Amino acid sequence: MSGEYAKDTICIQSGWKPRNGEPRVLPIYQSTTYKYETSEQMGRLFDLEESGFFYTRLQNPTNEYVAQKICELEGGVAAMLTASGQAANYYAVFNICEVGSHVVLSSTVYGGTFNLLTVTMKKMGIECTIVDPDAPEEELNKAFQENTRCVLAETIANPALVVLDIEKFARIAHNHQVPLIVDNTFATPINCNPFVWGADIVTHSTSKYMDGHAMCVGGAIVDSGNFDWSQYPDKYPGLCEPDESYHGIRYTERFGKLAYITKATTQLMRDLGSIQSPQNAFLLNVGLETLHLRVPRHCENAQKVAEYLESHEKVAWVNYPGLKSSKYYNLAQKYMPAGTCGVISFGLKAGRAAAGGMMDHLRLAAIVTHVADARTCVLHPASHTHRQMSDEQLLSAGVAPDLIRFSVGIENVDDIIADLEQALLKI
Ligand code: PLP
């Protein structure tokens, strides 16, 4: 269906396509396992000689149809769902890294991703060099080592709202013969397709706009199929050398452009088992059916809220890539001209101490550890999601200690502004 239909149509129609007499709506395949007629056929599945479902820890039809939809929205060749966005970023990196590998990581990635790479994956023998995404190319080039295996960054960083210069990052990654992995959670494929600008792998926390209703935690990985792993067998032995656990198949040889996702499914899902539950995949699909309607509304509302905050006397600064005053306005216009996201960050003149007090006065916007769903919500990262970071790490992640993250929902924007107005009056 890709290429044939616009994104709006893909959101509704892609993935599950019922044949004659089948359910109109994507069924939840609530089954751990799948029946086969002969033992020989089951054997062929285990040798990856035949495609088919065998156990839901690896793959499930409901998930597969939803992954196909996300794949088409991103313009990729293959995709998989994971239990969470954390699992998606973990698998995306671990699929091509092992002990002794090195990753170039943007300093502004989400705190959970930062922690995953710099603390947990470090214990697995995978090292990182943290780079400032705004640094000039010469500076960024210095971060690469002989054992570098990928670059990881976010299209729009959470919560710093740094817009990635995707072409610059793709160029430096490719100059060093490694892929660029982009977490496209905040922009969503409605606003930006990183593959168009040279990214090789895209990840998502589907828990955000894709689900859109804060109902289910989930993640996705999409491969563009553009990075030719087979050119670098020494760097990517896991993809290019025989896999003894599948009788010596070489993923690149057997699966071509599908090698990366096939390996992540048959090896990482098999061994680590972070599958998204089919029920969550079903709900995610319901969310995806309105993604093309919700995202523009989030952006439209956020633009108005950002402009309101910028003109407020008690507000010290506002960061929203849709504002002309934003350092990232031009990059946003280039990579996502239709809109960026619904998330705004701002600080109060009264400083960090006043942030919590103002938030406590909000009535419509709820204080939640979440972002990017239909309901307006608010968080103070330095006190909440990013509290494990030192002040120095906070600053290099683009998270000022006074930063309030305001996730604008799709309610009536006048009500959202009125809520802020009454809360700001009280401080
Ligand atoms: N990536 C980004 C950009 C995020 O904002 C988040 C969560 O906030 C994650 C990944 C992690 O996703 P999840 O919470 O679904 O594990």
Side-chain angles (χ1 to χ4, degrees), residues 63 66-67 70 74 80-94 103 105-121 133 152-164 166 169 180-189 191-192 194 199 201-222 272-277 280-281 283-284 287-288 295 298 321 336 340-345 367-373 375 377-382 384-389 397-399 403 405-408:
N63 295 24
V66 181
I70 294 174
E74 284 292 8
M80 67 195 283
L81 298 188
T82 56
S84 64
Q86 283 301 109
N89 282 323
Y90 172 37
Y91 281 22
V93 172
F94 195 54
V103 177
L105 178 70
S106 163
S107 61
T108 56
V109 291
Y110 163 65
T113 309
F114 191 86
N115 219 43
L116 167 69
L117 270 290
T118 60
V119 180
T120 301
M121 292 186 80
L152 175 61
E154 289 170 8
T155 325
I156 307 176
N158 173 14
L161 304 177
V162 168
V163 176
L164 187 72
I166 308 173
F169 263 66
L180 170 63
I181 304 175
V182 170
D183 182 329
N184 197 30
T185 298
F186 267 30
T188 82
N191 285 342
C192 181
I201 309 286
V202 157
T203 59
H204 281 280
S205 164
T206 61
S207 329
K208 308 297 174 321
Y209 291 116
M210 284 192 170
D211 160 18
H213 300 80
M215 292 187 298
C216 47
V217 171
I221 310 174
V222 190
L272 302 172
S274 314
I275 192 90
Q276 187 169 132
S277 83
N280 278 1
L283 291 170
L284 169 59
L288 287 169
V295 167
H298 278 288
M336 41 204 98
T340 52
C341 64
V343 183
I344 295 169
S345 61
I367 302 172
V368 298
T369 309
H370 197 244
V371 68
D373 76 75
R375 299 164 204 93
C377 62
V378 66
L379 192 87
H380 182 225
H384 307 138
T385 44
H386 288 59
R387 63 185 298 138
Q388 80 279 10
M389 287 190 173
V399 184
L403 182 152
R405 185 181 73 183
F406 197 77
S407 176
V408 181

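Below, each value reflects all heavy atoms present in this structure, side chains not excepted, and no hydrogens, waters or symmetry copies. Bear in mind the structure is a predicted one, so any value in this text is a computation, not a measurement. Residue numbers run from 1 in the order of the sequence given. Atoms within each ligand, like the ligands themselves, are counted from 1 in listed order.
- For Asp211, there are no salt bridge (charged side-chain N to carboxylate O under 4.0 Å, His left out) partners, not counting sequence neighbours.
- In this structure, a donor-acceptor pair under 3.5 Å is present between the side chains of Ser274 and Tyr91.
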In a simple table, one pair per line, please give the protein and ligand 1 atom names for every N or O pair closer than 3.5 Å, along with the distance.
from     : atom 1 : to     : atom 2 : distance (Å)
ligand 1 : 1 (N)  : Asp183 : OD2    : 2.6
ligand 1 : 5 (O)  : Asn158 : ND2    : 2.7
ligand 1 : 8 (O)  : Lys208 : NZ     : 2.9
ligand 1 : 12 (O) : Ser205 : OG     : 3.1
ligand 1 : 15 (O) : Gly85  : N      : 2.9
ligand 1 : 15 (O) : Ser205 : OG     : 2.8
ligand 1 : 15 (O) : Ser207 : OG     : 2.5
ligand 1 : 16 (O) : Gly85  : N      : 3.1
ligand 1 : 16 (O) : Gln86  : N      : 2.9

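- Looking at residues two or more places apart in sequence or on another chain, you find no ring pair (Phe, Tyr, Trp, His ring centres under 6.0 Å) involving Tyr110.
- Listed by chain and residue number, Asn184, Asn193, His204 satisfy the side chain to side chain donor-acceptor pair (under 3.5 Å) test with Glu74 (two or more places apart in sequence, or in another chain).
- Rounding to the nearest 0.5 angstrom, the gap separating the OG1 atom in Thr185 from the CD1 atom in Ile156 is 10.0 Å.
- For the pair Phe169/Val182, no side-chain contact is recorded, criterion being any heavy-atom separation below 4.5 Å from C-beta on.
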